[in-house]
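Notes follow the structure.
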Amino acid sequence: MTDFQAMLRADLRGGSPYGAPQLDVPVAVNTNESSHPVPHDVVEAIAAAVTRVAPGLNRYPDREFVELRTALAGYLSVTTGCEIDREQVWAGNGSNEVLQHLVQAFGGPGRIALGFTPSYSMHPIISRGVGTTWVDGLRDASPDRFDIDTDLAVAQVREHDPHVVFLCSPNNPTGTALRLETVTAVYDAAPRAIVVVDEAYAEFARPGTPSALTLLPGRDRLVVTRTMSKAFAFAGVRLGYLAADPQLTELLRLVRLPYHLSSVTQAVALAALTHARTMLSMVEQIKASRDALVQGCTRLGLDPVPSDANFVLVGGFADARASWQHLLDRGVLVRDVGLPHHLRITAGTMQETQSVLDALALTLDQDGKGTA
Ligand SMILES: *Cc1c(COP(=O)(O)O)cnc(C)c1O
């Protein structure tokens with residue numbers, strides 16, 4: 001038998017792949033998808049768009065996806081009030097691919113990427129996948145606080161002098177948004193770094209939460225990533241994007257595979273962007289469902305972290321792993337993110353949130369609650 005572990009790149013040996021379970025359960029609230037199907041008018045527009053491009057599928061797609069970049073720049077400009085040009089926008093098959101392009105271009109062997117844990121588990125996986133050394137920074141000196149302590153972040157950035165810094169706002173899995181002062185302080189403390197702010201959940205932030213897009217003018221090492229997977233209810237399409245300095249985005253063409261966005265992906269994403277208002281129409285309802293989830297968990301004696309996203313990190317479980325299993329036994333799949341006494345729960349439809357709260361009540365009777 002071949003010893004593939006021995007053949008594997010040494011820095012990958014013993015690693016674990018991304019592995020959120022994909023189970024067929026009545027209430028799947030573990031990957032922060034939208035629970036709301038794509039609305040009928042948009043389904044029709046998508047079908048028509050695919051029909052239009054289908055005869056041309058014998059040809060490669062537009063390698064520079066100009067029309068899509070223009071539409072994404074327009075979407076960002078309209079929804080955030082920041083003026084974003086087409087040349088600033090880059091896209092990939094999910095923001096995961098866009099993040100990979102960034103570390104392929106600016107990280108890699110002999111280079112350092114720094115993030116502040118707990119945060120999105122893919123930041124270290126993508127960084128290490130291209131040979132970048134990953135440094136797990138601390139968010140706050142006390143283990144039960146999830147906000148980033150700006151002074152502590154600045155000190156860690158100065159100590160490690162990274163090539164890439166990952167920030168995430170609102171942060172997954174904690175749900176908390178960053179203050180812009182934290183972003184600028186980290187940016188100023190990392191003079192040779194590309195500073196990435198992952199804003200996958202920006203559309204769910206509570207009013208008055210500014211986007212890091214507002215910081216782009218005059219900061220050419222700053223990158224803001226977004227995705228159509230969450231608020232846009234389009235996770236199955238795989239379309240993520242970023243906004244940054246035009247010269248930076250230009251360099252990402254060195255590492256992307258040619259024609260990485262298929263003609264079908266481009267057409268479908270464009271059709272959905274044309275119906276952006278309809279695609280986003282569920283966001284307010286999801287925010288209400290999130291707030292109901294926070295209130296319901298509080299009533300149950302749990303300890304939910306305030307959230308600017310479409311999910312809630314809930315503390316107060318005596319044994320998070322046992323409660324995860326007991327919820328699953330009741331048809332409710334949530335996420336064990338590996339934080340003791342915590343589970344992460346996506347805000348689905350109001351009905352799903354009620355099912356989650358009902359299942360939680362039964363589970364807490366069974367397991368008792370914890371150690372808050
Ligand atoms: C879900 C998520 C993404 C989205 O990834 P896609 O590849 O665009 O689906 C990116 N960043 C964070 C923090 C996420 O939670």
Side-chain angles (χ1 to χ4, degrees), residues 20 28-35 95 115-123 137-140 142-150 153 166-180 182-183 197-212 224-227 229-233 235 282-300 302-317 320 323-324 327 332-350 352-353 356-357 360 372:
V29 284
N30 72 326
T31 54
N32 302 341
E33 295 153 331
S34 174
S35 288
S95 53
F116 300 94
T117 306
S119 190
Y120 187 41
S121 62
M122 285 308 299
H123 295 158
L138 287 174
R139 295 179 82 75
D140 192 290
S142 59
D144 239 23
R145 298 253 341 225
F146 296 124
D147 289 337
I148 287 192
D149 174 329
T150 303
F166 287 97
L167 296 168
C168 190
S169 180
N171 185 49
N172 178 5
T174 56
T176 39
L178 287 178
R179 286 172 304 125
L180 292 185
T182 304
V183 178
V197 184
D198 184 334
E199 290 195 348
Y201 300 97
E203 291 94 339
F204 297 107
R206 286 168 288 185
T209 312
S211 165
V224 180
T225 64
R226 294 279 186 112
T227 181
S229 295
K230 307 288 163 57
F232 231 86
M282 287 299 149
V283 166
E284 287 309 313
Q285 212 168 305
I286 294 166
K287 285 161 75 176
S289 172
R290 166 196 73 200
D291 295 341
L293 186 58
V294 170
Q295 286 154 17
C297 286
T298 305
R299 270 198 302 275
L300 289 171
L302 292 165
D303 188 19
V305 179
S307 174
D308 286 297
N310 66 338
F311 59 84
V312 181
L313 184 68
V314 182
F317 294 96
S323 296
W324 180 86
L327 288 169
V332 175
L333 177 61
V334 302
R335 190 69 175 277
D336 179 359
V337 289
L339 289 174
H341 312 297
H342 289 77
L343 292 171
R344 194 195 68 192
I345 307 175
T346 306
T349 61
M350 273 294 181
E352 284 175 318
T353 287
V356 169
L357 292 170
L360 275 171

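There is no side-chain donor-acceptor pair under 3.5 Å between Asn171 and Thr176. For the residue pair Thr150 / Thr182, a side-chain donor-acceptor distance below 3.5 Å is found, with atom types taken as modelled. Counting only N and O atoms by type, the side chains of Ser95 and Thr225 include no donor and acceptor under 3.5 Å apart.
For the pair Val337/Pro118, no side-chain contact is recorded, criterion being any heavy-atom separation below 4.5 Å from C-beta on. The closest side-chain heavy-atom distance from Leu343 to Leu327 is below 4.5 Å. Side-chain atoms of Val314 and Asp303, non-hydrogen and from C-beta on, never get closer than 4.5 Å to each other. Side chains of Phe204 and Ile286 form a contact here, defined as non-hydrogen atoms less than 4.5 Å apart. The closest side-chain heavy-atom distance from Leu360 to Leu302 is below 4.5 Å. Inter-residue side-chain proximity for Val332 and Val29 is flagged as met; some heavy-atom pair is nearer than 4.5 Å. Residues Asp198 and Leu167 are not in side-chain contact: their nearest non-hydrogen atoms beyond the backbone lie 4.5 Å or more apart. The side-chain heavy atoms of Arg335 and Ile345, taken from C-beta on, include no pair separated by under 4.5 Å.
The distance from atom CG of Leu313 to atom CZ of Arg344, rounded to the nearest 0.5 Å, is 8.5 Å. How far CE of Met282 is from OG of Ser35: 11.0 Å, rounded to the nearest 0.5 Å. Between Tyr120 atom OH and Cys168 atom SG the span is 9.0 Å, to the nearest 0.5 Å. Here the CD atom belonging to Gln285 is positioned 7.5 Å from the CE atom belonging to Met350, to the nearest 0.5 angstrom. The distance from atom CG of Leu333 to atom CG of Asn30, rounded to the nearest 0.5 Å, is 3.5 Å. Here CZ of Arg179 is found 12.5 Å from OG1 of Thr209. Values are rounded to the nearest 0.5 Å.
The shortest heavy-atom contact between Ala231 and Glu203 is CB-CB, 3.4 Å.
In terms of the side chain to side chain donor-acceptor pair (under 3.5 Å) criterion, residue partners of Ser211 (sequence neighbours excluded) are, by chain and number, Glu199, Arg226. The ring pair (Phe, Tyr, Trp, His ring centres under 6.0 Å) search around Phe116 returns none, not counting sequence neighbours. Scanning for ring pair (Phe, Tyr, Trp, His ring centres under 6.0 Å) contacts around Phe311 gives Tyr201, with sequence neighbours left out.
Side chain of Thr298 to main chain of Val294: a donor-acceptor pair is present (N/O by atom type, distance under 3.5 Å, no hydrogens or angles).
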